[in-house]
**Student:** 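What follows is a single structure, and I will ask about it in a moment.
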2 protein chains.
Amino acid sequence: MTRHKNTEQKIFDAATELFLEKGVDRTSVRDIAAKAGINLALLNYYFRTKENLFNSIFSELMKENTRKLIEILDSDLSLEEKIQKYVAEYTDVLLENPLLVSFVMAILHRSWDKITQLEAISYLYGTEKFTQQLFDEAKKGNIRKTNPTQFFVDMLSLITFPFAIKLLIMDKASITEDEFKTFIRERKKRVPRILINELKIK
Amino acid sequence: MTRHKNTEQKIFDAATELFLEKGVDRTSVRDIAAKAGINLALLNYYFRTKENLFNSIFSELMKENTRKLIEILDSDLSLEEKIQKYVAEYTDVLLENPLLVSFVMAILHRSWDKITQLEAISYLYGTEKFTQQLFDEAKKGNIRKTNPTQFFVDMLSLITFPFAIKLLIMDKASITEDEFKTFIRERKKRVPRILINELKIK
DNA sequence: GTCTATAATTTGATAGAC
DNA sequence: GTCTATCAAATTATAGAC
C-alpha cells in the first residue's frame, strides 16, 4: 500500500523537520504549512496552536527515541554489558537524528515549568533499576562506590555532547560529515571503556 | 569613582542578561531598551541592528571567559596538572555564569556560516600546544596513544554538559540550586580523575 | 544624544465560503 | 476538510523634532 500521507501526518512531518533544523522560535507556522503543501488555516484546523503542535512533536520524538534505551537500562544484563549496549544504542539513535540533541537542549533552556508538565521529559534520565544496580555492585565490592547521578551525568555527557558541538568539531578538526560519523562511531568503544574504568577499584 | 554606566554599556548589559536568560530569539529589542531604561530608538542609534548587538555581545562573552583557559592550555605545566587546572578553572567560569553553556549551544545550532565568521568561536576549542603535548607524551611512552580531538571532546563534554542539563538534574535528583553547585564542585576532582585514568597505560 | 511617533513587515490565529 | 481573505498583535527599524 504505497499510501500518500494524510494531512495531519504531512503537517506533523514538515513541522518536525523544521523545528529540528531551525529551532521552534525561528520556524513560523506559515513555513510549516508551505512545506506540508497545505494552507495555513488548515494547519490550525488540525493543531489548534503552534504550542500545541510543538507539544505533540516533542512528546512523540521523546517516546520514539528513548523506548529502546529504557529497555536496556531495565534489562537484566551485567553492568558492563549494559553500559556498552546503552552507549552503542544511544549513539546510533543520535547518528540517525543528529539534530535531536540541540533541539532538546534548546527546549531545556526554555520555561522549565511548562516543560516539566510534559511527561516526555522524564524519558531523558536514567531508571531506578540502573541506579540500584550501581548501588548493589558497590556494596558487593565489585566496583568503586560512586554517586549514581554523577555517573549517569558522565555517561550522558560523553554520549550526547559531541553532537551538540558537531559543527565546531567538523570545523576545527577540518573533517567532513562522513568523517564526523566515523569519529562518533569510534566513541562506541571509547566511552564505555572510560566509564567502566572509572568504576574499577584501583 | 562610583560612576554611573554610560548608555552604551547599559544597553550592552541589559541585552547580555536577557539573551542569556531567554535566548536571542525570544528577546525583543523593546525589552532590551526597557531594561536598559532608555528608548528604543536610542538603542538603534548605538547598535544599528539587533544582529549587530548580538555579535558584539557574543564576541565579548567569548573573549572574557576563555582568556584564562587558553593561558592554561598554553602554559608549561605537566599534562596532569594542566588537566586539573583546566577543569577547575572552566568549572568556575561556568559556575559564575551557568547560562553561558546553553546560550553558546543555541548559537552553535544557528546558521553556522555566520558564526564561523565570528573569530570568537575559535576560543572554544583547544590549542595547538596542548595537542602537541598529548602527542609528545604518548611518543615518550608516558601515556596511552590517544586521538587528541577525542580526548578534548571528552574533556569538554564532562565539564560543560552538566550545565546544559542543569534543570533536568535538579528536577530528577530533587536538589536545590545550592546542591547543584555542590554537585558541580565535586566534579572538579572527579572529571580530572576520569580523564587522567583514560590516559594511563594499562 | 535622546526622545516621540510611526512605518514596514512578520506572525499567530480566525471568520466564513465552498 | 480545505480554502481565501483578513484581523490583531508584535517586532525591527527609521524619520524627524529637540
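Labels below follow one simple rule: chain letters A, B, ... track the order of the sequence lines, proteins then strands, and each chain is numbered from 1. Side chains are part of it too, since the values below use all heavy atoms of this structure and drop only hydrogens, waters and symmetry mates.
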**Student:** If you compare all heavy atoms of A/His109 against all heavy atoms of B/Gly23, which two are closest, and at what distance to 0.1 Å?
**Tutor:**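 Looking at all heavy atoms of both residues, the shortest contact is CE1-N, 4.2 Å.
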**Student:** Roughly how many Å is it from NZ in A/Lys10 to C1' in D/dG1, rounded to a whole number?
**Tutor:**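 In whole Å, D/dG1 C1' and A/Lys10 NZ are 12 Å from each other.
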**Student:** Rounded to the Å, how far apart are B/Leu53 CG and D/dT11 C1'?
**Tutor:**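 Answer to the nearest Å: 15 Å.
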**Student:** C/dG1 P sits how many Å from B/Arg48 CZ, rounded?
**Tutor:** 16 Å
**Student:** Respond yes when some side-chain nitrogen or oxygen of B/Tyr45 is under 4.0 Å from OP1 or OP2 of C/dC3, and no when none is.
**Tutor:**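 Looking at the OP1 and OP2 atoms of C/dC3, neither is under 4.0 Å from any side-chain N or O of B/Tyr45.
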**Student:** Mind checking the CG-OH spacing from A/Leu195 to A/Tyr86? Nearest 0.5 Å is all I need.
**Tutor:**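 Output value for this atom pair is 11.0 Å.
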**Student:** Which of residues 29-44 of chain A have a heavy atom under 4.0 Å from DNA chain C?
**Tutor:**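 Nucleic-acid contacts, sorted: A/Val29, A/Arg30, A/Leu40, A/Ala41, A/Asn44.
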**Student:** Report the C-alpha distance between B/Ile184 and B/Lys166 in whole Å, list the side-chain angles of each, state the deciding distance to 0.1 Å, and finish with yes or no for side chain to side chain contact (heavy atoms under 4.5 Å, CB included).
**Tutor:** CA-CA 10 Å; B/Ile184 290 291; B/Lys166 173 182 170 182; over 6 Å; no
**Student:** Verify the contact: side-chain N or O of A/Thr7 to OP1 or OP2 of D/dT2, cut-off strictly under 4.0 Å; return yes or no.
**Tutor:**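 Affirmative; the distance criterion is met.
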**Student:** Send over the distance from A/Phe54 CZ to C/dT11 C1', rounded to a whole Å.
**Tutor:** 18 Å
**Student:** In whole Å, I'd like the distance from the NZ atom of A/Lys50 to the P atom of D/dA9.
**Tutor:**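 One finds 19 Å between P of D/dA9 and NZ of A/Lys50, rounded.
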**Student:** In whole angstroms, how far is the P atom of D/dT14 from the CG atom of B/Asn52?
**Tutor:** 12 Å
**Student:** Under the side chain to side chain contact (heavy atoms under 4.5 Å, CB included) rule, what do B/Phe19 and B/Phe58 come out as? Steps first, then yes or no, please.
**Tutor:** CA-CA 10 Å; B/Phe19 282 169; B/Phe58 185 71; over 6 Å; no
**Student:** Just one of A/Arg187, A/Lys188, A/Lys68 clears the salt bridge (charged side-chain N to carboxylate O under 4.0 Å, His left out) bar with A/Asp92, so which one?
**Tutor:** A/Lys188
**Student:** How many whole angstroms separate atom CZ of B/Arg26 from atom P of C/dG12?
**Tutor:**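 Atom CZ in B/Arg26 sits about 12 Å away from atom P in C/dG12.
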**Student:** Please name the residue in the list B/Leu18, B/Thr27, B/Asp13 that meets the side chain to side chain contact (heavy atoms under 4.5 Å, CB included) test with B/Lys35.
**Tutor:** B/Leu18
**Student:** Measure the distance from CD on B/Glu51 to P on D/dA13 and round it to the nearest whole Å.
**Tutor:**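 Answer to the nearest Å: 9 Å.
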